2 protein chains.
Amino acid sequence: MSKPSEAPATSPGDVSGEEPGEGIALARLLAMGFRLAITGLHERLAERGWDDVRPPYGFVLLALRTGPSTVTDVAALMGMTKQAASQLVDAMAQSGYLVRTVDESDRRQRALSLSAKGRTLLGAVEEIYAEIEAEWADMAGGDDLRTTRDALTRIVLTANDGALPAVRPTW
Amino acid sequence: MSKPSEAPATSPGDVSGEEPGEGIALARLLAMGFRLAITGLHERLAERGWDDVRPPYGFVLLALRTGPSTVTDVAALMGMTKQAASQLVDAMAQSGYLVRTVDESDRRQRALSLSAKGRTLLGAVEEIYAEIEAEWADMAGGDDLRTTRDALTRIVLTANDGALPAVRPTW
DNA sequence: CTAGATGGTCAAGTGGCTTGACCATCACCG
DNA sequence: CGGTGATGGTCAAGCCACTTGACCATCTAG
């Protein structure tokens, strides 16, 4: 029986096969960065006792920070079918992070809001993201990390006709 | 029945809920960048007739560019169990991209190599990645994209004790 | 020479998605 | 104003990409 493997602390490039001069594929850098950000978040959430939080939850909680949303919005945010978004929202509601209500102005819609517990979790997510980003600023240099943020923002908006693309990794 | 949704071309932030001044969570930027890179790669591969290539294949092909590898290496590269890596390698071999041989120096190991077809696909992957990166350099500015690459490289190595982390998105 | 470690596979199971169908509600057009 | 089409959402079933637990063959180290 084997557990999921993680590259051990050895020389860079040991398992990449990529020419050192040519550099690592950008897609791979983004993949590794994303993986580290999400596993870091969830390890730290677990340390604080939040041990039933799946990777999509952080994105949904952030989306609800400023006001209610709907299953259709969550589907668009994540890049999944409305059925899958409904299942995701069900799971989050069942864990007590979200509340569903009926939208009086459009009774097809069920409005989704953060519960008190959801707000507390959102606070933890934001704190941990800020911690991780501060550490990454130390590693990369604060100016370079800001440049990275700004460059990625321009890229994702331009490549997606001015709108933010969906979040769910293509895999 | 609904298809997976993609955020439509509307104002930035429509579905993010994130405060404009505070910016988009870095994890989300990485998620969107990764998603655009991988969906872009696979759309363009499909345009060239490569329509049975799954997202992990590009990473495996790149890893084999310089020489043979093993199922254990692929498991470490991807961040999955050896069983899953074996299934992945089987699928790639069945599509004709990889060849398995026995390693005479360690007969436990099955060496994995690129087939001729695999080399051709690798060439297409590298061309398309270069196209996408050139477009992204236009969008973000070449210097800023280089800074992004360098910063991400430092971050992923430092955060993972000097080794490149695994590739598979945590989800 | 033997016990433990390692590379890899077998078989079965699980979780997170999709698909196809359906229902309730809203919007728009004639 | 009524009917048709669109939209928000859910039901039920199925699929795919992984994991788990077990096992076999081979290598390593004491």
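The sequence lines fix the lettering, A, B, ..., with proteins before strands; numbering per chain opens at 1. Please read these numbers as outputs of a predicted model, since none were measured by experiment. The analysis underlying the following values was restricted to heavy atoms, covering all of them including side chains, and did not include hydrogens, waters or symmetry mates.
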Expected output: side-chain Lys117(B) to main-chain Ser95(B) donor-acceptor under 3.5 Å: yes
Just to confirm, is there a sub-4.0 Å distance from OP1 or OP2 of dG8(D) to any side-chain nitrogen or oxygen of Thr70(A)? no
Closest to the Thr72(B) side chain: dG9(D), dG8(C), dT19(D)? dG8(C)
Rounded off to whole Å, could you give me the CD-to-P distance for the Gln94(B) and dC16(D) pair? 14 Å
Sidechain-backbone polar pair: Arg149(B) side chain, Ile24(A) backbone, donor-acceptor under 3.5 Å: yes
By nearest atom, which of the nucleotides dT25(C), dC18(D), dT18(C) is closest to the Arg168(A) side chain? dT18(C)
Interatomic distance, Leu112(A) CG vs dT10(D) P [rounded to whole Å]: 9 Å
Gap separating the OG1 atom of Thr120(B) from the OH atom of Tyr97(B), nearest 0.5 angstrom: 10.0 Å
Nearest to the side chain of Ala84(A), which nucleotide is it out of dT10(D), dT9(C), dT18(C)? dT18(C)
So, Arg154(B) side chain and Ala140(A) main chain: donor-acceptor pair closer than 3.5 Å or not? yes
Examine the base of dC17(C) for any acceptor or donor lying under 3.5 Å from a partner atom in the side chain of Gln83(A), and report the outcome as yes or no. no
Quick check on dG8(D): is either OP1 or OP2 less than 4.0 Å from any side-chain nitrogen or oxygen of Arg100(A)? no
Is any side-chain N or O of Arg108(A) closer than 4.0 Å to OP1 or OP2 of dG9(D)? no
Please check the phosphate of dG9(D) (OP1 and OP2 only) for any side-chain N or O of Ser86(A) closer than 4.0 Å. no
Looking at residues at least two apart in the chain, or sitting in another chain, which of them share a salt bridge (Lys or Arg N to Asp or Glu O under 4.0 Å) with Arg108(A)? Asp106(A)
Which sits closer to the 5' end of DNA chain D, Arg54(B) or Asp106(B), going by the nucleotide each is nearest to? Arg54(B)
Can you tell which of dG8(D), dG8(C), dC18(D) lies closest to the side chain of Gln109(B)? dG8(C)
So, does the side chain of Gln87(A) form a donor-acceptor pair with the base of dT18(C) at under 3.5 Å? yes
Is there a donor-acceptor pair closer than 3.5 Å between any side-chain N or O of Thr70(A) and the backbone N or O of Gln109(A)? no
Please report how far the helix from dC1(C)-dG30(D) to dG30(C)-dC1(D) bends, comparing the axis fitted to its first five pairs with the axis fitted to its last five, to the nearest 10 degrees. 30°
For residues Asp52(B) and Tyr57(B), is any side-chain donor paired with an opposing acceptor at under 3.5 Å? no
Looking at Trp171(B), I'd like to know whether one of its side-chain N or O atoms comes within less than 4.0 Å of OP1 or OP2 on dG15(C). no
